Peer 1: 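Before we start, here is the structure in question, set down as structure tokens.
No experiment lies behind these values; they were computed from the predicted model shown.
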Amino acid sequence: MRRAGLIKPLLRINNNKSRVWRENYASQVDTNLAECTLDPKEYVDFKRQLRQINLPHKDGHTCLQLECRLCERNRQLPATAISVQRSPDPGGLLAYVNKRTGAFICPNCDVKTSLANALTAYQLPPPVGYKRQPQRQPLYESRFQNLIDVTPEACESLGIKGLKEAALLTAIGAQWEPQMQLLHFKLRNASQQVVGEKVLHMDDRREETFQGSSSSGLLIHGAGNKTKAILVSNLLDFIVLATQNIETHCIVCLPYELNMLPQECLPGLERFKELVFWLHYDASHSWDAARAFALKMDERRCLLIRPTETEPAPHLALRRRLNLRHIVAKATPVRHKAITTFGAMRNDILSELQNIEKVNGVKWKRFPVLNKLLKGHRRGELTILTGPTGSGKTTFMSEYSLDLAMQGVSTLWGSFEIRNTRLAATLLRQYVGYPLDDRLQEFNHWAEEFERLPLYFMTFHGQQPLKPVLEAIEHASYVHDVMHVIIDNLQFMMGVSTYRGDKFWEQDAIIAAFRGFATKHNVHVTLVMHPRKERQEDELTTSSVFGTAKATQEADNVLIIQDKRLTSVRGKKYLQIAKNRYCGDLGIMPLEFDKDALSYSTQIQNAKRRREQREKTESTEA
Ligand SMILES: Nc1ncnc2c1ncn2[C@@H]1O[C@H](COP(=O)(O)OP(=O)(O)OP(=O)(O)O)[C@@H](O)[C@H]1O
Ligand code: FES
């Protein structure tokens, strides 16, 4: 059942080949699975159906595991390959149902579809007209054709202390591309199919990941019977640990660093009872990544090595001759018990003090005054932005969020007032820095670049009940690792008054729900809100926010656009930081507006003036 308000990712996976393949060979199932939230009833019906056909299945950490019946392959297996029907573990070629989203993932044929569609394959007798297709291996063709064994020179150029033997790199699955000077690793899914590749460029240590459409690949080193794993975020740390021969743990390299963890990867991690996060927090937006990923992987099996001077990332620990096994042994649970002690939090606190810049959050590049006052943009907080009607709330929030998204903060917009196309056009113009309507030849170039930003848009518009909105946000934060959600604006989203009480009571309930969401999912929620009807000459204050005081009480930050241009000759427009729970600094940021770039950023405006000055001198010299 398709639900309104589905997330329409601007990002598309341009891999026509696998999509064409999937349409040919899994035509009974809708392989273009639209992002939708799981209907718990569908999941219950599905499990009831499995019991009715007496099909063994296993409730895993994040997925239900069962024999795949989407195609003929399981039927082609000799009876012995499929375990006796009553055994607790499913046998044969396994498929996985994600318990949060209901995505049905078959790694054997690299297919993903919705639960409702997969159910058809488990009904006895199969519905009239339903036929299974012969399945063939998904082809992932590597884009690197000249791969050879790692050479001693390549091993040397890695510069890892004590790693002299190139054979060790080959033993962990590395290959060498001599022309492009890069180390190459295959990414495999839960059934060991090669579905992608990850490379390390030796010149600048840059990493790139290439995947087919399912993005289910992981890089895992270690025996298949190990039930513990250390998760690292980059290839250098993977190589350091995989060549240490740590007997107790497999070593797993995440496919997209700390930017995101596709749900399709989770089946590949199902076999581990313990996951130790030993991450390298190289970008400020990734500080909370371990907690976000642990929420996705079932926190109960997750341990964390908090980065401190004595417990840095693996490649740094090796360089400082620290004992890697001791560091792994000191990993602590991600989730604190209900009651905790200072001793249990001690390492957290030390780690935060030694990484205070990252704990402060992501800095804006366009608004240095905001960094001075708010210190940065942090996950798990609730921000309210208000200001007079037409004062530029949406325009400002658009540039504020674009600045963060350009630094890797995965952002979900809920634009209930203006259409997504108009919002995206504003974002694109702020990204480019000038209007494209008279430079249409440049559009494709900028659109290609813009599309790579982690920006997602809810397809809700106008007034909406809270429940489907929260469901869509929860789904996006799970599937797309969203870190920042913007609701613009709250009054527009409300409106469907399901209560006969006054609107303020309803608004308080909605704000409490967003407050709870921000805290529970560690996502920054920004609510754009209208002010109460006030006289124009009065300065807005935190009590000007529409509704009761609950909004500003619950909020961590309150930002107010003050527009004095309308009430006095020398009046200015500025953003007031009226509340700042994190570090308390209050103050104002002048808002000079550049109509061309739709930008409030003095940085952008100064750069534009310099560019125009340069073009002017060049044209006079010419
Ligand atoms: N400082 C400014 N000077 C001139 N025009 C501006 C300024 N800020 C925004 N605008 C323009 O004013 C229009 C309204 O801006 P915007 O929609 O961001 O205001 P808003 O506060 O979100 O409005 P609403 O209260 O209806 O949500 C836009 O076309 C925007 O480009
Ligand atoms: S689709 Fe699952 S085994 Fe082929």
Peer 1: With rounding to the nearest 0.5 Å, note down the distance linking CG in Leu266 to OG in Ser216.
Peer 2: 10.5 Å
Peer 1: Donor-acceptor check, side chain of Ser233 to backbone of Leu279, threshold 3.5 angstrom: yes or no?
Peer 2: no
Peer 1: Would Glu311 and Lys330 satisfy salt bridge (Lys or Arg N to Asp or Glu O under 4.0 Å), going step by step from the backbone distance to the final call?
Peer 2: CA-CA 9 Å; Glu311 294 165 17; Lys330 286 167 66 179; 3.0 Å; yes
Peer 1: Which pairs would a plain distance check flag for residues 294-305, meaning a side-chain donor or acceptor within less than 3.5 Å of a matching protein atom at least two apart in sequence or in another chain?
Peer 2:
from: Lys296; atom 1: NZ; to: Leu261; atom 2: O; distance (Å): 2.5
from: Lys296; atom 1: NZ; to: Tyr478; atom 2: O; distance (Å): 2.5
from: Lys296; atom 1: NZ; to: Asp481; atom 2: OD1; distance (Å): 2.9
from: Lys296; atom 1: NZ; to: Asp481; atom 2: OD2; distance (Å): 3.2
from: Asp298; atom 1: OD1; to: Arg300; atom 2: N; distance (Å): 3.2
from: Asp298; atom 1: OD1; to: Arg300; atom 2: NE; distance (Å): 2.9
from: Asp298; atom 1: OD1; to: Arg300; atom 2: NH2; distance (Å): 3.4
from: Asp298; atom 1: OD2; to: Arg300; atom 2: NE; distance (Å): 3.4
from: Asp298; atom 1: OD2; to: Arg300; atom 2: NH2; distance (Å): 3.0
from: Arg301; atom 1: NE; to: Met297; atom 2: O; distance (Å): 2.8
from: Arg301; atom 1: NH1; to: Leu269; atom 2: O; distance (Å): 2.8
from: Arg301; atom 1: NH1; to: Phe272; atom 2: O; distance (Å): 2.8
from: Arg301; atom 1: NH2; to: Met297; atom 2: O; distance (Å): 3.1

Peer 1: Hey, could you give me the CG/CG distance between Leu322 and Leu324, rounded to the nearest 0.5 Å?
Peer 2: 7.5 Å
Peer 1: Sequence neighbours excluded, which residues qualify as ring-ring contact (aromatic ring centres under 6.0 Å, His included) partners of Phe238?
Peer 2: Phe185
Peer 1: For Glu352, check salt bridge (charged side-chain N to carboxylate O under 4.0 Å, His left out) against everything at least two apart and list the hits.
Peer 2: none
Peer 1: Under 6.0 Å between ring centres, would you say that holds for Tyr122 and Phe46?
Peer 2: yes
Peer 1: By salt bridge (charged side-chain N to carboxylate O under 4.0 Å, His left out), which residues pair with Arg379, not counting sequence neighbours?
Peer 2: none
Peer 1: Looking only at non-hydrogen atoms, find the nearest pair between Gly408 and Met483 and report the distance.
Peer 2: O-CE, 3.7 Å
Peer 1: If you apply the rule side-chain contact (heavy atoms from CB on, under 4.5 Å), what do you find for Ile473 with Met458, and how did you get there?
Peer 2: CA-CA 8 Å; Ile473 295 174; Met458 274 189 262; 3.5 Å; yes
Peer 1: Picking from Leu55, Leu93, Thr120, what satisfies side chain to side chain contact (heavy atoms under 4.5 Å, CB included) with Arg69?
Peer 2: Leu55
Peer 1: Suppose we screen for side-chain hydrogen bond (donor to acceptor under 3.5 Å, both in side chains). Which residues come up paired with Trp413, at least two apart in sequence or across chains?
Peer 2: Ser401
Peer 1: Using the side-chain contact (heavy atoms from CB on, under 4.5 Å) rule, take Ile511 and Leu527 through it: C-alpha gap first, then chi angles, then the decisive distance, then the call.
Peer 2: CA-CA 9 Å; Ile511 285 171; Leu527 303 177; 4.1 Å; yes
Peer 1: Once you round to the nearest 0.5 Å, how far does CD of Gln211 lie from CD of Glu264?
Peer 2: 9.0 Å
Peer 1: Would you say Asn98's side chain and Thr101's backbone share a donor-acceptor pair under 3.5 angstrom?
Peer 2: yes
Peer 1: By the salt bridge (Lys or Arg N to Asp or Glu O under 4.0 Å) test, which pairs, at least two apart or in different chains, include something from residues 249-258?
Peer 2: Lys198-Glu257
Peer 1: Can you sort out the partners of Asp45 under side chain to side chain contact (heavy atoms under 4.5 Å, CB included), two or more places apart, ordered by chain and number?
Peer 2: Lys41, Arg48
Peer 1: Listed by chain and number, what are the salt bridge (charged side-chain N to carboxylate O under 4.0 Å, His left out) partners of Lys47, not counting sequence neighbours?
Peer 2: Asp59
Peer 1: Is Arg346 atom CZ crowded by more than 12 heavy atoms from other residues, nucleotides or ligands, each under 6.0 Å away?
Peer 2: no
Peer 1: Taking atom CE of Met260 and atom NE2 of His480, what is their separation to the nearest 0.5 Å?
Peer 2: 9.0 Å
Peer 1: Does either side chain, that of His484 or that of Ser410, offer a donor lying less than 3.5 Å from an acceptor on the other one?
Peer 2: no
Peer 1: Taking all non-hydrogen atoms of both residues into account, name the closest pair between Tyr281 and Ala290 and its distance.
Peer 2: OH-CB, 3.6 Å
Peer 1: Please assess Leu466 against Phe514 for the test side-chain contact (heavy atoms from CB on, under 4.5 Å), listing each intermediate value before the final yes or no.
Peer 2: CA-CA 10 Å; Leu466 177 63; Phe514 280 121; 4.0 Å; yes
Peer 1: Rounded to the nearest 0.5 Å, how far apart are CG of Leu236 and CG of Leu316?
Peer 2: 8.5 Å
Peer 1: With sequence neighbours left out, write down each residue that passes side-chain hydrogen bond (donor to acceptor under 3.5 Å, both in side chains) with Asp556, or none if nothing qualifies.
Peer 2: Arg515, Arg581
Peer 1: Which heavy atom in Gln244 sits nearest to a heavy atom in Leu318, and how many Å separate them?
Peer 2: NE2-CD1, 3.6 Å
Peer 1: Looking only at side-chain N and O atoms, does Ser351 offer a donor or acceptor that is under 3.5 Å from a partner on Asp348?
Peer 2: no
Peer 1: Identify, with sequence neighbours excluded, every residue that meets ring-ring contact (aromatic ring centres under 6.0 Å, His included) alongside Phe416.
Peer 2: none
Peer 1: Would Arg143 and Glu141 pass as an ion pair if we require N to O under 4.0 Å?
Peer 2: no
Peer 1: Taking ring-ring contact (aromatic ring centres under 6.0 Å, His included) as the test, write out the residues that go with His184, two or more places apart.
Peer 2: Phe144
Peer 1: Without swapping roles, check the side chain of Lys99 against the backbone of Gly60 for a donor-acceptor pair under 3.5 Å.
Peer 2: yes
Peer 1: Working to the nearest 0.5 Å, report the span between SG of Cys106 and CG of Leu94.
Peer 2: 9.0 Å
Peer 1: Return yes if some donor-acceptor pair links the side-chain N/O of Thr411 with the main-chain N/O of Val409 below 3.5 Å, else return no.
Peer 2: yes
Peer 1: Salt bridge (Lys or Arg N to Asp or Glu O under 4.0 Å): which pairs involve residues 268-279, sequence neighbours left out?
Peer 2: none
Peer 1: Quick check, are the ring centers of His315 and His280 under 6.0 angstrom apart?
Peer 2: yes
Peer 1: Output yes when a side-chain donor or acceptor of Asn189 lies under 3.5 Å from a complementary backbone atom of Gln192, and no otherwise.
Peer 2: yes
Peer 1: Under the criterion side chain to side chain donor-acceptor pair (under 3.5 Å), which of Arg188, Lys186, Gln193, Glu197 is the partner of Tyr140?
Peer 2: Glu197
